Protein chains: 2
Amino acid sequence: MTYSEENYLKVIYHLSLASTKGVTTNAIANVMESKPSSVTDMVQKLAEKELVIYRKYQGVELTDQGRFMALMIVRKHRLWEVFLVDKLDFSWDEVHDVAEQLEHIKSEKLTNKLDEFLGFPTEDPHGDPIPDKEGKIAKIEKQLLSEIPAGRRAICVGVKDSSSTFLQYLDKQQIALGSTLEVVSKEDFDLSLTLRVDNKEVTVSNKIAGNLFVKLI
Amino acid sequence: MTYSEENYLKVIYHLSLASTKGVTTNAIANVMESKPSSVTDMVQKLAEKELVIYRKYQGVELTDQGRFMALMIVRKHRLWEVFLVDKLDFSWDEVHDVAEQLEHIKSEKLTNKLDEFLGFPTEDPHGDPIPDKEGKIAKIEKQLLSEIPAGRRAICVGVKDSSSTFLQYLDKQQIALGSTLEVVSKEDFDLSLTLRVDNKEVTVSNKIAGNLFVKLI
DNA sequence: AAATATTTTTAGTCTAGCCTAAAAATAAAT
DNA sequence: ATTTATTTTTAGGCTAGACTAAAAATATTT
Ligand SMILES: [Mn+2]
Ligand SMILES: [Mn+2]
Ligand SMILES: [Mn+2]
Ligand SMILES: [Mn+2]
């Protein structure tokens with residue numbers, strides 16, 4: 001498995017979570033910031049290796065083997081993110097690019113020892129679940145903050161967008177995983193929300209609320 | 001800097017320690033398990049980038065910039081080896097291959113935070129010195145065990161060969177870094193040595209003794 | 001249903017990093 | 001000082017993984 005093949009598998013895995021149909025060539029190209037023709041090439045190679053099922057013009061789906069490989073990459077990515085934050089004091093907006101590299105290190109022993117060293121974490125610093133060594137991944141109970149009606153309280157449990165601009169915005173608003181958010185009111189006009197966080201009121205746009213995962217309490 | 005360029009620089013660095021002259025094409029090809037023609041190719045690219053000085057048929061030497069880059073790769077390699085042994089309970093014969101991968105991770109912050117997390121170690125699990133972030137590397141005082149005369153005592157401080165067969169042999173003989181070795185006698189015929197280690201006597205061949213670094217006490 | 005737009009695939013190129021085989025330079029032996 | 005052996009370089013090829021441009025298939029409008 002090359003570095004590049006691993007990246008394709010991971011992207012296909014993430015895209016396949018969003019839709020039940022086959023993952024399209026263009027969608028992959030967009031995420032990878034490459035060209036559809038390059039994607040077609042690679043997808044045909046992955047099909048040769050039986051990591052995906054490919055039918056011309058119909059997109060691709062992961063095989064069981066392909067999904068397992070993708071999950072192992074996701075596992076490594078998220079474990080390394082935990083390592084960086086918990087052990088090396090990185091902040092949650094600094095870990096992604098380094099984890100993109102570390103996820104390709106090939107050593108089962110390393111992955112499993114790291115998992116143990118970190119205390120078998122179940123979630124990464126962004127609230128995403130960490131697959132175990134068998135590829136089992138917990139389904140985390142969560143909704144988007146934008147779907148919560150006024151008057152309800154919820155705990156922040158994850159982010160949909162984990163770009164550093166978004167994460168730094170949350171830091172500035174003092175919103176972290178585990179924070180309790182009360183939806184004070186919701187504007188009909190732009191769907192912006194007024195929240196109470198730590199006894200302070202903040203207003204966030206619908207776009208912000210649509211990228212924060214919460215759990216009602 | 002590609003993965004491959006980094007490997008070349010590192011190999012050139014290691015070979016340049018052994019001889020004062022330019023590092024030869026064949027020597028590089030041997031270590032890299034590749035062909036001299038491939039080496040010539042790459043060496044010309046590195047010369048373009050001013051990482052080495054190359055004169056046809058005369059071998060290469062690192063420039064200051066090239067040496068610094070090589071040292072940063074060596075630094076990462078050895079820090080990761082310490083991490084694997086100290087934090088993840090790898091044994092000293094299991095770390096090299098994984099460190100070969102980890103040494104290519106590009107993040108100064110990661111390297112320096114890791115260094116700090118490990119308590120700024122000065123040596124790796126094989127007794128090799130770890131360059132600091134400026135590229136300074138301590139010269140460790142050491143001799144080969146094969147050069148120690150009978151009757152003297154010495155502390156084991158490093159290995160020249162760090163193949164897992166050799167390291168496992170040392171484990172079996174209960175020789176570790178820090179062990180005190182007394183040279184009880186030396187055979188004239190084959191230069192084999194009888195040592196006292198932990199009040200037990202062991203006989204080791206000249207080949208073994210030629211791969212163990214010690215410091216007289 | 002036909003026309004138009006979009007998506008996807010194919011065909012052909014390019015570069016990095018490897019290779020083999022042949023030529024050129026250097027080193028060693030006679 | 002030649003001849004012979006070794007080392008190194010050049011020339012030409014191959015594959016992975018990207019690209020552009022053109023063709024083919026599918027989706028959307030009219
Ligand atoms: Mn990430
Ligand atoms: Mn994450
Ligand atoms: Mn090593
Ligand atoms: Mn080492």
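Below, chains carry the letters A, B, ... as their sequence lines are ordered, and counting in each starts from 1. All values derive from a computational prediction rather than experimental measurement.
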Q: Let me know the distance between CE of B:M42 and C1' of C:dT15, rounded to the nearest Å.
A: 12 Å
Q) Nearest of C:dT8, D:dT20, D:dT9 to any side-chain atom of A:N26? A) C:dT8
Q: Just call it for A:S4: base, sugar-phosphate, or nothing, with non-hydrogen atoms closer than 4.0 Å on any strand.
A: sugar-phosphate
**Q.** Separation of atom NZ in A:K35 from atom P in C:dA11, rounded to whole Å
**A.** 21 Å
Q: Could you check whether B:T40 gets within reach of a base, just the sugar-phosphate, or nothing at all, counting any heavy atom under 4.0 Å?
A: base
Q: Check the distance between D:dA16's C1' and A:Q44's CD and give it to me in whole angstrom.
A: 14 Å
(Q) So does B:K106 get a backbone contact from the side chain of A:Q101, meaning a donor-acceptor N/O pair under 3.5 Å? (A) yes
Q | Atom-pair distance (OH on B:Y57; P on D:dT9), nearest Å | A | 6 Å
Q. Checking all strands, does A:Y3 fall into the base, sugar-phosphate, or nothing category for heavy-atom contacts under 4.0 angstrom?
A. nothing
Q: For D:dC19, take OP1 and OP2 only and decide whether either is under 4.0 Å from a side-chain N or O of A:S38.
A: yes
Q.
Side-chain N or O of B:T25 versus OP1/OP2 of D:dT9: is the shortest distance under 4.0 Å?
A. yes
**Q.** B:R75: which of B:N112, B:D124, B:D132 passes side-chain hydrogen bond (donor to acceptor under 3.5 Å, both in side chains)
**A.** B:N112
(Q) At less than 4.0 Å, is any side-chain N or O atom of B:K45 found next to OP1 or OP2 of C:dG17? Yes or no. (A) yes
**Q.** A:R78 (side chain) donor-acceptor with A:P129 (main chain) under 3.5 angstrom
**A.** yes
Q) Reckon B:Y8 touches a base, only the sugar-phosphate, or nothing at all at heavy-atom distances under 4.0 Å? A) sugar-phosphate
Q: Assign each of A:T2 and A:Q58 to its nearest nucleotide of DNA chain D by heavy atoms, then name whichever residue's nucleotide is nearer the 5' end.
A: A:T2
Q) OP1, OP2 of D:dT26 versus side-chain N and O of A:K56: anything below 4.0 Å? A) no
Q. Do A:K87 and A:F117 meet the cation-pi criteria used here (NZ or CZ under 6.0 Å from the six-membered ring centre, within 45° of the axis)?
A. yes
**Q.** A:T24 side chain, from C-beta outward: closest of D:dC19, C:dT8, C:dC19
**A.** C:dT8
Q. Whole Å only: how far is the CD atom of A:E5 from the P atom of D:dA16?
A. 9 Å
Q.
Keeping A:K186 on the side-chain end and A:S146 on the backbone end, is there a donor-acceptor pair under 3.5 Å?
A. yes
Q. What integer distance in Å separates B:D41:CG from C:dT15:C1'?
A. 12 Å
Q: Starting from P on C:dG17, measure out to CD on B:E6 and report it in whole angstrom.
A: 11 Å
Q: Would you mind reading off the distance between B:K21 atom NZ and C:dT26 atom P, rounded to a whole angstrom?
A: 14 Å
